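Below is one structure, written out as structure tokens, with a few remarks after it.
Because the structure is predicted, anything quoted here is derived from the model rather than measured.
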Amino acid sequence: MPDILPVSPTLIAIPAGWFLMGSDAGQDVERPVHRVWVDAFAMAVTQVTNEEYTCFLAGTGRACPPFWNDPNFKQPRQPVVAVSWFDAIAYCKWLSGETRDHYRLPTEAEWERAARGGVEGNLFAWGDDPPQSRPRYHERWKDGPEPVGQSDPNAYGLYEMCENIHEWCSDWFAPDYYALSPDRNPRGPEQGQRKASRGGSWRHHIKISRCSTRSSIPPKFQYADYGFRLVRENSP
């Protein structure tokens, strides 16, 4: 692979503040609803794309993920998929070294605060209307994720926060974590067997998730509906 310059993501500043995390209308793992403070950070406007990930592969010699050459997943502006949590962490470390900024995966709390767009209590980024009410819902996601930046952004200006692919988070996952998590900058349990993820999936029956929906898989898994989005600390 030829040398390719790294692609720094476009970022949106997410302000520090309190928000209500979780949902009484969701699954047991989303309860109890609790007030959480999250420090300011910046989040990438879109999920990491194949185009961006190509720079990482060229710069590190890391093996391509499964489905890399599959026609359903190889468009430059599609989100990269089938990356493990360890692959995502390696990408963050590589980009941080190349740019001298501190990139990492979001915590569950950061992700949910960003997904809600500063609006309290809504099930979805747009309100409480079901996913099937969204434009072209039944025409989308036939064989894979869509290129990023095609849906309406949320109130913070972030695209596809609850759709397209699951997004890895930094936290270990525990179903009862909300009952004992700190109220400031929670970062998940100290250990576990599964890593947390957020967002919807192109291959699920219901393809757009609620803002509070939690999911998890073992960190070594490489699924065709799993990718990631970056955050950067110390937003301007």
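Taken together through direct or relayed side-chain contacts under 4.5 Å among Ile, Leu, Val, Met, Phe, Trp and Tyr, Tyr177 and Val33 form parts of separate hydrophobic clusters. Under a hydrophobic-cluster definition in which Ile, Leu, Val, Met, Phe, Trp and Tyr are linked whenever side-chain heavy atoms come within less than 4.5 Å, directly or via other members, Phe56 and Trp85 are assigned to the same cluster. Transitive grouping of hydrophobic side chains (ILVMFWY, heavy atoms separated by less than 4.5 Å) brings Trp111 and Tyr159 into a common cluster. If you chain together hydrophobic residues whose side chains sit under 4.5 Å apart, Phe221 and Trp172 never meet in one group. Placement of Val45 and Met161 within a single hydrophobic cluster is found when ILVMFWY residues are connected by side-chain heavy-atom separations under 4.5 Å, directly or transitively.
When the shell of 6.0 Å around CD of Gln132 is examined, it contains more than 12 heavy atoms from other residues, nucleotides or ligands. In this structure, Gln150 places its CD atom where more than 12 heavy-atom neighbours from other residues, nucleotides or ligands lie under 6.0 Å away.
Side-chain contact between Trp68 and Lys74 is absent, with no heavy-atom pair separated by less than 4.5 Å. For the pair Tyr156/Ile14, a side-chain contact is recorded, criterion being any heavy-atom separation below 4.5 Å from C-beta on. Contact of the Glu52 side chain with the Thr54 side chain is not registered, since no non-hydrogen atoms from C-beta on lie closer than 4.5 Å. Two residues are said to be in side-chain contact when any heavy atoms from C-beta on lie closer than 4.5 Å; Asp101 and Ser96 fail this criterion. Side-chain atoms of Tyr223 and Arg203, non-hydrogen and from C-beta on, do get closer than 4.5 Å to each other. Residues Ile12 and Met43 fail the side-chain proximity criterion, which asks for heavy atoms closer than 4.5 Å. A 4.5 Å side-chain heavy-atom check between Cys64 and Leu57 finds at least one atom pair inside the cut-off. Under the 4.5 Å side-chain criterion, counting only non-hydrogen atoms from C-beta, Pro65 is in contact with Val83.
Formation of a donor-acceptor pair under 3.5 Å by the Gln47 side chain with backbone atoms of Glu160 is found in this model. Asp171 contributes no side-chain N or O that, together with a main-chain N or O of Phe173, makes up a donor-acceptor pair within less than 3.5 Å. A donor-acceptor pair is defined here as one N or O able to donate and one able to accept, closer than 3.5 Å; such a pair exists between the side chain of Tyr137 and the backbone of Lys207. Side-chain N or O atoms of Asp39 include none that pairs as donor or acceptor with a backbone N or O of Asn185 at under 3.5 Å. Of the possible polar contacts, none joining the Asp129 side chain to the Ser133 backbone as a donor-acceptor pair under 3.5 Å is found. Remark: side-chain polar atoms of Arg31 are paired, donor with acceptor, to backbone N or O of Gly26 under 3.5 angstrom.
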Report task. Take Cys169 and Leu105 through the test side-chain contact (heavy atoms from CB on, under 4.5 Å) and record every step on the way to the result. Result -> CA-CA 5 Å; Cys169 292; Leu105 297 178; 5.8 Å; no
* Starting from the C-alpha separation in whole Å, work towards a yes-or-no answer on side-chain contact (heavy atoms from CB on, under 4.5 Å) for Val231 and Arg104. => CA-CA 6 Å; Val231 300; Arg104 57 176 175 81; 3.5 Å; yes
Exercise for review: Step by step, work out the side-chain contact (heavy atoms from CB on, under 4.5 Å) result for Arg140 and Glu146.
Suggested key: CA-CA 8 Å; Arg140 303 171 64 190; Glu146 293 183 335; 2.9 Å; yes
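For the atom pair CZ (Arg77) and CD (Glu51), the distance works out to 6.0 Å, reported to the nearest 0.5 Å. With values rounded to the nearest 0.5 angstrom, Cys92 atom SG is found 8.0 Å from His102 atom NE2. In this structure, the separation between SG on Cys211 and CG on Asn154 is 8.0 Å, given to the nearest 0.5 Å. Distance check: His166 NE2 to Ser201 OG gives 4.5 Å after rounding to the nearest 0.5 Å. Distance check, rounded to the nearest 0.5 Å: CD1 of Ile89 to OH of Tyr103 gives 15.5 Å. Rounding to the nearest 0.5 angstrom, the gap separating the OG atom in Ser8 from the CZ atom in Arg232 is 9.0 Å.
For the pair Arg62 and Asp87, the salt-bridge criterion is met [side-chain N within less than 4.0 Å of a carboxylate O]. Using a 4.0 Å cut-off between charged nitrogen and carboxylate oxygen, Arg116 and Glu120 do not count as a salt-bridge pair.
Between Leu230 and Val48 the shortest heavy-atom distance is CG-CG2, 3.9 Å. In terms of heavy-atom proximity, Asn122 sits nearest to Val119 at ND2-CG1, 3.3 Å. Across all non-hydrogen atoms, the minimal contact from Gln75 to Asn50 is O-ND2, 2.8 Å. For Arg113 against Pro15, the heavy-atom pair with the smallest separation is NH2-O, 2.8 Å. The shortest non-hydrogen separation linking Pro131 to Ile206 is CG-CG2, 4.0 Å. Minimum heavy-atom separation, Ser197 to Tyr226: OG-OH, 2.7 Å.
With a 6.0 Å cutoff to the six-membered ring centre and a 45° limit on the axis angle, Arg134 does not count as a cation-pi contact of Phe124. Note that Arg35 lies outside the cation-pi zone of Trp18, set by a 6.0 Å cut-off to the ring centre and a 45° limit from the axis.
Of the listed residues (Glu167, Glu30, Glu110, Glu112), just one forms a salt bridge (Lys or Arg N to Asp or Glu O under 4.0 Å) with Arg198, and that residue is Glu112. Remark: of the listed residues Ile165, Asp225, Asn164, Asn164 is the sole one forming a side chain to side chain contact (heavy atoms under 4.5 Å, CB included) with Trp141.
Taking the six-membered ring where the residue is Trp, Phe228 and Tyr53 present perpendicular rings, their angle passing 60° and hence far from 30°.
Checked against a 6.0 Å centroid threshold, the rings of Phe73 and Trp202 count as neighbours.
Inspection of the Trp126 and Asp128 side chains reveals no N or O donor paired with an N or O acceptor under 3.5 Å. A donor-acceptor contact closer than 3.5 angstrom links the side chains of Ser212 and Arg210.
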